[in-house]
Amino acid sequence: MGLSNVLKLHFDIPANDFVSAGEASSSVKKTLSQLGIAPQVIKKSAIAMYEAEINAVIHANGGTADIEIDQDKVIIKIQDEGPGIPDLDLAMQEGFSTAPDTVRQMGFGAGMGLPNMKRYADELKINTEVGRGTTVIIRVNFA
Ligand SMILES: Nc1ncnc2c1ncn2[C@@H]1O[C@H](COP(=O)(O)OP(=O)(O)O)[C@@H](O)[C@H]1O
Ligand SMILES: [Mg+2]
């Protein structure tokens, strides 16, 4: 397949903006839907991307989202220059969260974001470095 068949999308993810939080993932969800992608695939992509996007908002002062949609998959890359994750195995555990009370009061910080990304992505890669930031790459296959 040629490069011309890859659709690329880019979004900035604003820091600590709980009103527009989730806009990038809703936009991607809409695009996948317009492309006629299967509902279960859209659901997996939207949930995994939403969790990564929200993490960039609440834990990392925002970041960017780069999406590549081709014939057989979507690759979602969420990048931030936040504090990084010191213990990724611990962070991956269900219920683990360092979210402050102010964030929990708004309904975030249940500690299910990373476990849900793992669950819904066909492949999840996380590169993180303390003091440098975090990159999450989610692949969801269309079939
Ligand atoms: N992009 C990120 N930058 C820094 N820390 C992160 C990031 N994503 C996740 N974390 C850390 O991993 C923990 C678990 O993440 P997650 O499972 O999404 O739960 P929650 O966001 O509800 O706290 C977070 O509380 C935070 O400590
Ligand atoms: Mg989270």
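All values below were derived from every heavy atom in this structure, side-chain atoms included, with hydrogens, water molecules and symmetry-related copies excluded. Order of appearance sets the numbers: ligands from 1, and atoms from 1 within every ligand.
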Chemist: For residues G63 and A56, report the shortest heavy-atom separation together with the two atoms involved.
Modeler: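 So the minimum-distance heavy-atom pair works out to N-CB, 4.5 Å.
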
Chemist: Which residue and atom name correspond to the protein heavy atom nearest atom 14 (C) of ligand 1, and how close is it?
Modeler: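 For this ligand atom, the closest protein heavy atom is F96 O, 3.3 Å.
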
Chemist: Report yes if some N/O of A60 lies less than 3.5 Å from some N/O of ligand 1; otherwise report no.
Modeler: no

Chemist: Starting from V74, can I reach I42 by hopping between I/L/V/M/F/W/Y residues whose side chains sit under 4.5 Å apart?
Modeler: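 In one cluster with I42: V74, yes.
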
Chemist: Just going by heavy-atom distances, which of T135, D87, T134, I85 is nearest to atom 7 (C) of ligand 1?
Modeler: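 Of the listed residues, I85 has the closest heavy atom.
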
Chemist: Under 2.8 Å from the Mg ion (ligand 2) - does any N, O or S atom of N55 fall there?
Modeler: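 Yes, N55 qualifies, because one of its backbone or side-chain N, O or S atoms lies under 2.8 Å.
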
Chemist: Between the main-chain N or O of G22 and the side-chain N or O of S26, is there a donor-acceptor pair closer than 3.5 Å?
Modeler: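 Side chain of S26 to backbone of G22: a pair is present.
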
Chemist: Considering T98, D80, L114 one by one, which has a heavy atom nearer to atom 15 (O) of ligand 1 than any of the others?
Modeler: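 Selected option, by shortest heavy-atom distance: L114.
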
Chemist: Under 4.0 Å from a heavy atom of P115: which atoms of ligand 1 are those, numbered in the order shown and with their elements?
Modeler: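 Close to P115: 17 (O).
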
Chemist: May I ask you to identify the nearest protein heavy atom to atom 12 (O) of ligand 1, giving residue, atom name and distance to one decimal place in Å?
Modeler: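 The closest heavy atom on the protein side is A91 CB, 3.4 Å.
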
Chemist: Can you confirm whether I126 sits close enough to M92 that some side-chain heavy atom of one is under 4.5 Å from a side-chain heavy atom of the other?
Modeler: yes

Chemist: Tell me, which protein residue and heavy-atom name are nearest atom 19 (O) of ligand 1, and how many Å apart are they?
Modeler: G111 CA, 3.1 Å

Chemist: Under 4.0 Å from ligand 1, counting heavy atoms only, is it the side chain of A110, its backbone, both or neither?
Modeler: backbone

Chemist: Quick check: do I58 and F18 have side-chain heavy atoms less than 4.5 Å from each other?
Modeler: yes

Chemist: Below 4.5 Å, heavy atoms only, C-beta onward: do F11 and V28 meet side chain to side chain?
Modeler: yes

Chemist: Return the minimal non-hydrogen interatomic distance between E53 and S25, and the atom names on each side.
Modeler: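 It is OE1-OG, 2.6 Å.
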
Chemist: Who's the nearest protein heavy-atom neighbour of atom 21 (O) of ligand 1, and how far?
Modeler: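 Here the closest protein heavy atom is H59 NE2, 2.8 Å.
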
Chemist: If every non-hydrogen atom of A65 is compared with every non-hydrogen atom of M49, which pair is closest and at what distance?
Modeler: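 Closest approach of A65 to M49, heavy atoms only: CB-CE, 4.0 Å.
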
Chemist: Identify the heavy atoms of V57 and I13 that sit nearest to each other, and give their distance.
Modeler: CG2-CG2, 3.5 Å

Chemist: Among S97, A52, P83, which one puts a heavy atom closest to atom 23 (O) of ligand 1?
Modeler: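 Residue with the shortest heavy-atom distance to the ligand atom: S97.
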
Chemist: List the closest protein heavy-atom neighbour of atom 9 (C) of ligand 1: residue, atom name, distance to the nearest 0.1 Å.
Modeler: N55 ND2, 3.5 Å

Chemist: With the threshold set at under 4.0 angstrom, would you say G63 reaches ligand 1 through any of its heavy atoms?
Modeler: no

Chemist: Please determine whether any non-hydrogen atom of G82 lies less than 4.0 Å from an atom of ligand 1.
Modeler: no

Chemist: Would you say I58 has any N or O atom under 3.5 Å from an N or O of ligand 1, going by distance alone?
Modeler: no

Chemist: Do I137 and T135 have side chains that approach each other closer than 4.5 Å (heavy atoms only, starting at C-beta)?
Modeler: yes

Chemist: Less than 3.5 Å between some nitrogen or oxygen of A56 and one of ligand 1, yes or no?
Modeler: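 So ligand 1 has no N or O lying under 3.5 Å from an N or O of A56.
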
